[in-house]
Structures are given as structure tokens and as C-alpha cells.
Amino acid sequence: PGGPGGPLALTIGFLAVSSLLLGTWAVLALTKPLRGIARAVEAFGPGDPASPLPETGPREIRTLARAINRMQERITRLVDDRTRTLAAVGHDLRTPITRLKLRAEQMPEGPERSRMIADLDQMAALVQSALTHLRDGRSDESLVPVDLRSLVQTVADSFADMGHAVAVSAPDRIAVRGRPLELERAVTNIVDNAVKYGGGASVTLARAADAAVIDIADEGPGIPAALRAAVLEPFVRGEAARSMNEHDGFGLGLAIARAIVEAHGGTIRIMDRQPRGLVVRLTLPRA
């Protein structure tokens, strides 16, 4: 009875198999909702509609999901309140700036009048740039398929119309799902930097696995490696000596471009170009 095939051995075997199956079920029951929570937290971002997590499963999982849902609601409410406040502040600032500009234009011609109008234009441009950045570069556009080859060619043509050299190499049609005006703004900001500080730009579009890659290169002096992360932050530029005005920018172009690209699930990277210059690489998930 106590042999290899006896009742005791069968009972022990049954208990071992049952424990293994029960343990596997318990692990799956815990890890599946945890994976769902991890995906939801990773996908959540300002401006994206928050999908409430299902509050199901073991008590600890339900408590965690409930806490995350409340956190998402608070963050969304905070961002919405900030956006509405900034829109109101921007409107309130633009109105007196416009009134002052109208009054300045009624002044007699002279250097003082020109300087005053230039200062007011600078203030208006700074308000608009700051509001765009604080909205994370977002508009109210819907997500649609975007042909990147057509988009980069449109940007290049707009710079060519202003007399700037922008070459485009985009042999293939590559589509992404995104907001066309936002993506055009991101590419325009980077090409604008290349034209201002590098004398021109070269835009290359290519495929890489399941992503679309846009390389925007110039032959300028480049940016030291230690400053490359910093120039993606707002109000930071590659040269501290540059004056801050509406012609040279306010150090928001790359920050806005990064916000737009990251909101589309992509990345932005600054690299050296050989023998000289800089390459800004945008990587976006393909549609």
C-alpha cells in the first residue's frame, strides 16, 4: 500500500499537481490585472482621455486600481484647470498689448515709435510661444493618418518660398497616425533652428522596423554633448549669448517639438553630424 503506486503516493501526486495548478492560477490572476494597470499607467498622459481601470480582482488589486483611477482624475482636472487659466491669462495679456500697439502706431514716425512697436511684437510673440508650450504643443485636432513625405515636403516648400535652402530626401510614402498640424509644427520648429543656426537644412525620411524616422541635419556649429538634453527644455538655447526675441526665438521651439513627438508616442534625439553640424532625429510609430 505504501509502494510507488499506492494510495499515499497517488494522494501526494494529486496534492502536488493541485498545488501547482492552484499556484499557476493565482499567479495569473494577480499578474494579468497588474499588466493591465501597468499598460494603462504607461499610456496615460496629459491631454489624453484617461480610460478608467476596471476595479476587479483581489482586494489589493481593486484598491490599487481605485487609487490609480482617482489619481488620473485629479491629474486630468489639474491639467484642464491649468489650460483654462492659461487661456484666460493669454487673452487678458493680448488685449492690452494690442491696445498699446494701436496707440504706438498713432505716434509720429521715429526711432522711439519703431522700438516701442518692436517691443510689443516681442511681448505678443513670447505670450503665444509660452502658451503653446504650456499646452504641451497640443491643438484640438483629431488623430488621422498622416503622409510624412507630403508633410516634410510642405515644410520644405514653405522655407524655400522664403529663400531658405531645405533639401528633402523621402523616397517612400510613410504614414503615421497623428495630428497633422502638430506634427508639421514640430518639424517646422526643428527646420527653423537648422536654417537659423546652420545656414540650411537637409530632411531625410526613412523606415526603421515599425517606426518612421525623420532626420533633420544642418552644417552649423552643433551643440556640445553636455547641453543636448538641456536644449530640449523650455527657454534654453544652445548659445547663452543669443538675444531672446521673436526673430531668434525664446528657446521654446525644441521643447514644443519634443512635447508633440512624445505625445504621438515617439522620441526625439540630438546627434553629431560628420564632418560638422547636427542631426535632430524624430522617431514616430508607423500607422
Side-chain angles (χ1 to χ4, degrees), residues 101 105 109 111 113-130 132-133 137 139 146-174 179-206 212-223 228 231-232 234-258 260-261 268 270-282 284:
K101 185 174 179 181
E105 289 173 346
E109 291 284 349
R113 174 182 182 271
S114 298
R115 284 195 293 268
M116 186 176 295
I117 292 175
D119 287 343
L120 291 169
D121 286 340
Q122 177 181 344
M123 290 171 62
L126 176 56
V127 168
Q128 184 58 48
S129 296
T132 301
H133 167 67
S139 64
V146 179
D147 180 4
L148 288 182
R149 181 171 64 178
S150 175
L151 185 147
V152 298
Q153 189 62 60
T154 299
V155 172
D157 291 344
S158 68
F159 279 91
D161 291 341
M162 295 184 288
H164 300 300
V166 178
V168 175
S169 174
D172 297 324
R173 181 185 180 277
I174 303 177
R179 301 175 179 89
L181 292 180
E182 290 183 14
L183 291 173
E184 185 174 332
R185 182 186 299 126
V187 175
T188 298
N189 286 357
I190 299 171
V191 172
D192 187 55
N193 276 355
V195 167
K196 285 178 181 175
Y197 309 126
S202 175
V203 184
T204 304
L205 178 63
V213 178
I214 306 173
D215 281 349
I216 302 167
D218 64 56
E219 295 184 359
I223 298 174
R228 288 177 192 168
V231 296
L232 294 173
F235 302 108
V236 176
R237 274 113 46 98
E239 293 179 17
R242 289 178 189 154
S243 60
M244 185 175 284
N245 56 63
E246 73 273 20
H247 301 296
D248 291 336
F250 303 100
L252 288 170
L254 286 176
I256 292 171
R258 183 183 69 170
I260 292 171
V261 170
I268 182 169
I270 300 176
M271 305 176 294
D272 281 324
R273 183 190 189 193
Q274 298 300 330
R276 59 176 278 121
L278 203 68
V279 177
V280 179
R281 172 167 293 176
L282 309 182
L284 296 164

Interatomic distance, CD1@Ile174 vs CG@Leu284, rounded to 0.5 Å, equals 10.5 Å

What pairs with Asp119 under salt bridge (Lys or Arg N to Asp or Glu O under 4.0 Å), at least two apart in sequence or on another chain?
-> none

What closest approach, in Å, do Ile260 and Glu182 show between heavy atoms, and which atom pair accounts for it?
-> CD1-O, 3.3 Å

Of the non-hydrogen atoms in Ala194 and Ala217, which two are nearest, and what is the gap between them?
-> CB-O, 4.5 Å

Which pair of heavy atoms, one from Leu205 and one from Pro171, lies closest together, and at what distance?
-> O-CD, 3.9 Å

Beyond-backbone contact of Arg258 with Leu254, side-chain heavy atoms, under 4.5 angstrom = no

Which atom of Arg273 lies closest to which atom of Val279, heavy atoms considered | CB-CG2, 3.7 Å

Could you give the distance from CG (Leu151) to CD1 (Ile214), rounded to the nearest 0.5 Å?
-> 7.0 Å

If you take all heavy atoms of Asn189 and Ala257, which pair is closest and at what distance?
-> ND2-N, 4.3 Å

Looking only at heavy atoms, which two atoms of Gly200 and Asp218 are closest? And how far apart?
-> O-CB, 3.4 Å

Between CG on residue Leu183 and CG on residue Leu282, distance to nearest 0.5 Å = 9.0 Å

Indicate every side-chain donor-acceptor pair of residues 156-169 with a distance under 3.5 Å to a residue at least two apart or in another chain.
unit_1 : atom_1 : unit_2 : atom_2 : d
Asp157 : OD1    : Gln153 : NE2    : 3.0
Ser158 : OG     : Val155 : O      : 2.6

Heavy-atom distance under 4.5 Å between the side chains of Ile117 and Lys101, does that happen here?
-> yes

Distance (rounded to the nearest 0.5 Å) between Thr188 OG1 and Ile216 CD1 | 8.5 Å

Quick check: does any side chain N or O of Arg281 sit under 3.5 Å from a backbone N or O of Asp215, one acting as donor and the other as acceptor?
-> no

Min side-chain heavy-atom separation Leu278-Asn193 under 4.5 Å | no

